[in-house]
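Below is one structure, written out as structure tokens; the observations come after it.
Every number for a ligand or one of its atoms is a count from 1 in the order of the listing.
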Amino acid sequence: MLTREVLQELIQVIGIENVLTEKEDLLTYAYDATAAMKHCMPEVVVTPLSTEHVAEIVKIAARHKVPIYPRGAGTNLSGGTIPIEGGIVLSMLNLNKILEVDQDNLTATVQPGVIIQALNDEVVKHGLLYPPDPGTITTATMGGSVSECSGGLRGLKYGVTKHYIMGLQIVLANGEVIRWGGKTVKNVTGYDLVALYTGAEGTLGIITEIIVKLIPAPEARKSIMAVFDDVDKAGNAIAAIIRNKIIPATLEIMDNVTIQTVENFVHAGLPMNAEAILLCEVDGYKEVVEREAVLVERVLSEEGAVEVKIAKNDQERDLLWLARRSALPALAQKRPTTVLEDATVPRSKIPDMLKAIRRIATKHNLQIATFGHAGDGNLHPTILTDVRDEEEMKRVHLAVEEIFETAIALGGTLSGEHGIGIAKMKFLDWEFGEAGVAALRSIKEALDPNYIMNPGKIVRRD
Ligand SMILES: Cc1cc2nc3c(=O)[nH]c(=O)nc-3n(C[C@H](O)[C@H](O)[C@H](O)COP(=O)(O)OP(=O)(O)OC[C@H]3O[C@@H](n4cnc5c(N)ncnc54)[C@H](O)[C@@H]3O)c2cc1C
């Protein structure tokens with residue numbers, strides 16, 4: 001229980017106007033975007049306005065051993081922001097300034113509450129790009145996406161968030177403020193703590209400032225849609241494109257259930273009868289893009305696509321990508337609960353993974369729609385279900401386990417981009433073994449000995 005004394009100390013630091021304690025307000029912070037997850041009420045929500053505020057709040061939490069949960073937009077899909085032990089939710093949304101765009105060093109410095117799209121809207125004015133591009137780019141925060149090491153649609157050519165994080169300011173679990181990394185291209189001083197905190201899901205400290213790497217924005221892009229009457233052919237075509245030495249910026253797959261649902265939702269002209277479509281985008285210098293688009297078209301036809309269409313203009317292109325980005329919201333209309341996973345395999349194993357997902361769906365009599373970042377092996381099998389149906393949910397849990405088992409057996413991983421949170425914690429030793437999990441726990445205990453930083457996520461106290 002949070003004592004009156006703790007509450008008074010918090011109010012003294014950030015003012016009553018930045019402290020929420022009413023049940024109706026707290027309820028909003030009891031959930032995140034993760035489906036089928038029990039909600040948990042925080043005892044207080046605080047909204048700091050500066051790094052100093054964060055440091056003082058963490059010192060209070062440390063002194064009284066109260067759990068503290070950093071939260072951005074709450075769009076994560078692994079239960080990462082659910083305050084499972086009560087305590088303090090730290091909403092980072094008001095730390096939302098873009099502090100600098102440095103064109104000489106190709107970096108930007110931002111506070112964690114900046115929305116990813118807002119950063120891109122700013123840097124594009126200088127002909128630059130911040131490539132990480134999760135489906136929630138217009139709502140998710142920089143702090144949340146760094147803490148999840150988000151991926152997204154451009155991962156195949158440009159990599160994921162960790163490839164763009166050069167420096168961090170962190171409030172440690174004892175309230176001390178430190179900086180790691182910076183604007184230098186090279187930096188091998190000490191352990192790579194910037195890498196450690198990228199993807200740490202708020203379990204080791206609070207990020208209060210981020211230096212990111214920017215790249216020159218590509219001059220041109222072309223989007224291509226390939227229609228398949230067979231999912232396996234679509235799966236094989238993915239590896240074929242790469243084998244032909246073309247690295248598209250984006251290479252996405254949608255299966256038949258996803259296509260039909262999305263088309264009914266956004267009317268983008270998707271082929272309703274297709275078994276699968278691949279959506280591909282090549283970008284770069286205009287001449288290179290023209291050549292690559294023709295090559296991709298040829299490879300896709302050779303791999304058995306029944307139709308290959310290159311978007312003729314920005315409007316057609318935007319419609320294709322709107323369709324892809326609408327996959328989850330559209331599927332969420334079909335049944336009350338959508339359990340979306342992000343098991344990831346080497347891309348050559350995509351056809352095997354697609355087959356396994358269909359087998360698992362049939363075995364457990366479940367409807368599983370599959371879409372995702374196929375080019376980087378990161379599929380999103382999405383189980384359409386109803387959390388109120390206990391019998392069906394038992395089958396859902398079995399199917400989820402089998403999906404993870406299969407991904408690991410194929411040389412893949414539990415999570416390509418959504419993190420571990422609460423949702424996948426119990427599967428960690430399948431991937432790392434007991435000794436591996438113990439190593440993770442010893443890092444947690446070295447940096448947060450009292451388990452106050454987002455407790456109950458990634459690793460639990462032994
Ligand atoms: C429809 C939909 C599509 C999505 N598509 C993608 C996708 O394509 N690729 C992808 O990778 N993800 C995707 N996601 C997942 C999610 O949007 C991303 O992980 C996103 O980057 C999370 O940002 P957020 O601000 O919502 O973070 P939150 O959900 O608020 O927090 C995420 C984690 O970060 C921690 N955290 C937040 N701020 C801080 C901070 N300042 N310091 C330390 N820890 C902090 C939290 O405690 C939590 O553990 C999708 C989600 C949805 C609902």
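For the pair G205 and ligand 1, the shortest N or O to N or O distance does not fall below 3.5 Å. By the 3.5 Å distance cut-off applied to N or O atoms, P70 is counted among the residues near ligand 1. Considering backbone and side-chain atoms together, G80 places an N or O closer than 3.5 Å to an N or O of ligand 1. Residue P112 has no nitrogen or oxygen atom sitting less than 3.5 Å from a nitrogen or oxygen atom of ligand 1, judged on distance alone. Taking any N or O of E201, backbone or side chain, at least one lies under 3.5 Å from an N or O belonging to ligand 1. Between L153 and ligand 1, not a single N/O pair is under 3.5 Å apart. Not one N or O of I206 is nearer than 3.5 Å to an N or O of ligand 1, by distance alone. At a 3.5 angstrom cut-off on N or O pairs, Y69 does not count as close to ligand 1.
The aromatic rings of Y164 and Y130 stand perpendicular to each other, their planes meeting at an angle above 60°, with 30° marking the opposite boundary.
Nearest non-hydrogen protein atom to atom 29 (O) of ligand 1 is N76 ND2, 2.8 Å. Remark: minimum distance from atom 18 (C) of ligand 1 to any protein heavy atom is reached at S150 OG, 3.6 Å. Distance from atom 8 (O) of ligand 1 to its nearest protein heavy atom, with residue and atom name: G135 N, 2.9 Å. From the protein, the heavy atom lying nearest to atom 1 (C) of ligand 1 is L328 CD2, 3.4 Å. The protein non-hydrogen atom at the shortest distance from atom 35 (C) of ligand 1 is S147 CB, 3.6 Å. Distance from atom 23 (O) of ligand 1 to its nearest protein heavy atom, with residue and atom name: A140 CB, 3.4 Å. Scanning all protein heavy atoms for the shortest distance to atom 32 (C) of ligand 1 gives E148 OE2, 3.3 Å. For atom 4 (C) of ligand 1, the closest non-hydrogen atom on the protein side is T136 CG2, 4.0 Å.
Of all atoms in ligand 1, numbered sequentially from 1 with element shown, those under 4.0 Å from a heavy atom of A73 are 24 (P), 25 (O), 26 (O), 30 (O). Here is the list of ligand 1 atoms found below 4.0 Å of a heavy atom in S145: 21 (O), 23 (O). Residue M92 approaches ligand 1 through these ligand atoms, each under 4.0 Å from one of its heavy atoms: 41 (N). Numbered from 1 in the order shown, with element, the atoms of ligand 1 that lie under 4.0 Å from a heavy atom of N454 read 47 (O), 49 (O). Against a heavy-atom cut-off of under 4.0 Å, G152 is close to the following atoms of ligand 1: 8 (O), 9 (N). Every atom of ligand 1 with a heavy atom of G202 under 4.0 Å away is listed here by number and element: 43 (C), 44 (N).
Taking the centre and axis of the six-membered ring of F404, the NZ or CZ atom of K424 falls outside the cone set by 45° and 6.0 Å.
We find that R63 and E9 are joined by a salt bridge, their nearest charged nitrogen and carboxylate oxygen being less than 4.0 Å apart. Using a 4.0 Å cut-off between a side-chain N of Lys or Arg and a carboxylate O of Asp or Glu, K157 and D283 qualify as a salt bridge. Under 4.0 Å is where a charged nitrogen must lie from a carboxylate oxygen, and between E176 and K59 no such pair does. The pair D133-R325 meets the salt-bridge criterion, with a side-chain N (NZ, NE, NH1 or NH2) lying under 4.0 Å from an Asp/Glu carboxylate O. One finds no salt bridge joining K457 and E201 here, because no Lys/Arg side-chain nitrogen approaches an Asp/Glu carboxylate oxygen to under 4.0 Å. Between R461 and E445, none of the side-chain N atoms (NZ, or NE/NH1/NH2) sits under 4.0 Å from a carboxylate O, so this pair counts as no salt bridge. Under 4.0 Å is where a charged nitrogen must lie from a carboxylate oxygen, and between E100 and K183 at least one such pair does.
Using 4.0 Å as the threshold, H373 has a heavy atom nearer than that to some atom of ligand 1. Using a 4.0 Å cutoff on heavy atoms, A200 does not count as a contact of ligand 1. Every heavy atom of D32 sits 4.0 Å or more from the atoms of ligand 1.
The backbone N or O of A108 lies less than 3.5 Å from no partner atom in the side chain of D102, so there is not a single donor-acceptor pair.
When I420, T75, I170 are checked for heavy-atom proximity to atom 53 (C) of ligand 1, T75 turns out nearest.
Here the shortest heavy-atom pairing between M92 and P48 reads SD-CG, 4.3 Å. A pairwise comparison of heavy atoms in I115 and T138 identifies CG2-O, 3.4 Å as the closest pair. Across D376 and L156, no two heavy atoms sit closer than the pair OD2-N, 3.1 Å. Listed here is the closest heavy atom pair of T258 and A369: OG1-CB, 3.5 Å. The two residues T382 and F371 make their nearest non-hydrogen contact at OG1-CE2, 3.3 Å.
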